[in-house]
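A short write-up of the structure that comes next.
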Amino acid sequence: MSIAIITRGKDLIPWVNALKAKRPTLDLRIYPDDTNREEIEFALAWNHPLGAFRKYPNLKCIASMGAGVDHILKDPDLPEAAIITRVTDQNLARDMAEFTVALVMNHVRGLSFYKRQEHKHLWKPKPYLNSSDITIGVMGIGVLGSYVATQLNILGFKVSGWARTTKEIEHIDVYVGQEELDAFLGTANILICLLPLTKETINILNKQTFRKLPEGAFIINVARGEHLVERDLIDFIDVGHLSGASLDVFREEPLPQNHPFWEHPYINITPHIASITNPATAVSQILENYDRLRNNEPLIGAVSLTKGY
Ligand code: OXD
């Protein structure tokens, strides 16, 4: 068996090195320079050219090179027989938790506020809230979201989660489904989006959602740019209902030079770096799945096509 890597615009050197270091005999092919595509049953993919999988008539597994699979599922021409997997590496959850904690603390302790004051040479302390006075709502409590929620709770925040189906997470109030969305939003002083991108969650950060948040709520989006209706965010910050946002993901990446988010005083931008898959650790799961596929065993991180994650 051989593995094909099918991507666009990704630096493949660390991936090839990590795969070769773990499995020196691996027969690795890189699209579009590969031949004999009928030999390929296992593909690694990130942001592939749509339709490319169809060129591999015997594909049995398409493994995402990250936690998200929306870039694969948006292909209308997916081979029906292929199982799709995503990286569930515990390092991704740790990195995401560290990053969201940094964003939450930046907001809670007013670091961006003081940065703006610093530019004006202003020395004006303002009162601040303690973690126990703040409720953080985490939308999406899968592998990443539940870890993030737990870490924030350890810091003393009240944390609630919103999920599609019931989940038990110690110390976290879990709200379920559309019926409990309003109740979940009603208490969230900080709303963190960690949802998978599906047809149910696209544009979920919109004016209806923002309206239900308490006055002064803060938005953190570390999931996908398509979750957010950008104009609604700006409007709700500008009228003062939201206090601001930290965004790591955007509908268009890199964020276009003339985008209003760049100049907005209450919006912090980072370039999609919340939690970056480390090839050195992710390849262990990928090679494990490669072996499992050969042995007809269930794959780790297999995605449900109906749920979309
Ligand atoms: C991912 C990402 O899905 O980097 O892994 O966004």
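What you are looking at is a predicted structure, and each value in this text was computed from that prediction instead of being measured. Both counts, for ligands and for their atoms, begin at 1 and track the order of listing. The figures that follow rest on heavy atoms only: side chains count, while hydrogens, waters and symmetry mates do not.
- Ligand 1 is approached by R224 to a heavy-atom distance shorter than 4.0 Å.
- Side-chain contact of H227 with T201: a donor-acceptor pair under 3.5 Å is present, judged by distance alone.
- For the pair R109 and Y128, the cation-pi test (distance below 6.0 Å, angle within 45°) is passed.
- Taking atom 5 (O) of ligand 1 as the reference point, the nearest protein heavy-atom neighbour is A67 N, 2.8 Å.
- In this structure, I72 shares a hydrophobic cluster with I6, Y31, I40, F53, Y56, L59, I62, V69, L73, L78, I84, V303, L305, the cluster being traced through Ile, Leu, Val, Met, Phe, Trp and Tyr side chains under 4.5 angstrom apart.
- Contact atoms of ligand 1 toward G66: 5 (O) (distance under 4.0 Å to a heavy atom of the residue).
- Atoms of ligand 1 lying under 4.0 Å from any heavy atom of H272, numbered from 1 in the order shown and given with element: 2 (C), 4 (O), 6 (O).
- The atoms of ligand 1 that sit less than 4.0 Å from any heavy atom of G68 are 1 (C), 3 (O), 5 (O).
- Taking each heavy atom of T198 and K307 in turn, the nearest pair found is CG2-O, 3.4 Å.
- A perpendicular orientation is assigned to the rings of F236 and H241, their planes being inclined by more than 60° (bins at 30° and 60°).
- The closest approach between M65 and ligand 1 stays at or above 4.0 Å for every heavy atom of the residue.
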